[in-house]
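These notes concern the structure reproduced below.
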Amino acid sequence: MVDKEIISPKALRKLDAIILHNKDLLKNKELQQKLISWAENMLAEARKEWESMRTVSIDAIISCDRKKEAKRKASLKDKKYAPFREYFKKLQKEKYDKAIQNGCKLTALGFVNWFLSQNEHNIPIPYVKQNQQNKLIQLAQINNREFKKASAC
């Protein structure tokens, strides 16, 4: 807004009415101008504060919405991968138990290499091709830790 438009016409009419009903203000043009300048400055500062508060509020709402959307997408992604993770864990548990019975240790990398060589064409792996091995190793490591905790109890 232009500085001359800071005070609305309605507010100016009220100010004119105050000035007209006050004999001292009616005669003193300099005091009238000082009052108008003060009101313009006060409103300009208030508008800057309101704009700042509005910006902060909008940023907070956007941030909150982005977090909510990210959680929703993560939940959908988790549901998409859950059946594969369960199958992978079940198969790894079988291999892990066989390795323990044979006195061997089944590493996450060893299981993943076996899985990729044996099951690549049979089971669709939901991870991106370039990152499949890394994701499967991470998953196998998590499963191995879980199996070890269960064996220790």
Any chance you could measure K27, atom NZ, to N22, atom CG, to the nearest 0.5 Å?
10.5 Å

Can you classify the ring geometry of Y127 versus F84 as parallel (below 30°), tilted (30 to 60°) or perpendicular (above 60°)?
perpendicular

For a side-chain contact (heavy atoms from CB on, under 4.5 Å) check, start with the C-alpha distance between Q33 and K29, then their side-chain angles and the critical distance, and finish with the verdict.
CA-CA 6 Å; Q33 190 56 43; K29 296 289 182 189; over 6 Å; no

Check whether any side-chain heavy atom of Q133 sits under 4.5 Å from a side-chain heavy atom of L109, and report yes or no.
yes

pair F115-I125: side-chain heavy atoms closer than 4.5 Å
yes

When you measure from the side chain of S57 to the backbone N and O of M53, does any donor-acceptor pair fall under 3.5 Å?
yes

Could you tell me which residues satisfy salt bridge (Lys or Arg N to Asp or Glu O under 4.0 Å) with E49, sequence neighbours excluded, listed by chain and number?
none

Any carboxylate oxygen within less than 4.0 angstrom of a Lys/Arg side-chain nitrogen, looking at E51 and R54?
yes

Can you tell me how far apart CG (N28) and CG (L35) are? Round to the nearest 0.5 Å.
9.0 Å

Starting at CG of N131, measure out to CD of Q138 and round the result to the nearest 0.5 Å.
7.5 Å

When you measure from the side chain of N144 to the backbone of L106, do you find a donor-acceptor pair of N or O atoms at a distance under 3.5 Å?
yes

Would you indicate whether the side-chain heavy atoms of F147 and Q92 approach each other to under 4.5 Å?
yes

I'd like to check the ring-ring contact (aromatic ring centres under 6.0 Å, His included) partners of F111; sequence neighbours left out, ordered by chain and number.
F88, W114

Going by an N to O cut-off under 4.0 Å, is there a salt bridge joining E94 and K98?
no

Supply the atom-to-atom distance L43 CG to W38 CH2, rounded to the nearest 0.5 angstrom.
8.0 Å

What I'd like to find out is whether the side chain of K135 reaches to under 4.5 Å of the side chain of V128, using heavy atoms alone.
no

Starting from I62, walk the hydrophobic network (Ile, Leu, Val, Met, Phe, Trp, Tyr; side-chain heavy atoms closer than 4.5 Å) and list everyone else you reach, by chain and number.
I58

What's the spacing between I142 CD1 and E146 CD if we round to 0.5 Å?
9.0 Å

Taking side chain as C-beta onward, heavy atoms only, is E69 less than 4.5 Å from K73?
yes

Side chain proximity check, K90 to E86, heavy atoms < 4.5 angstrom
no

If we only count heavy atoms from C-beta on, is the K68 to R72 side-chain gap below 4.5 Å?
no

For the atom pair NZ (K80) and CG (L76), what is the distance rounded to the nearest 0.5 Å?
10.5 Å

What I'd like to find out is whether the side chain of S75 reaches to under 4.5 Å of the side chain of K79, using heavy atoms alone.
yes

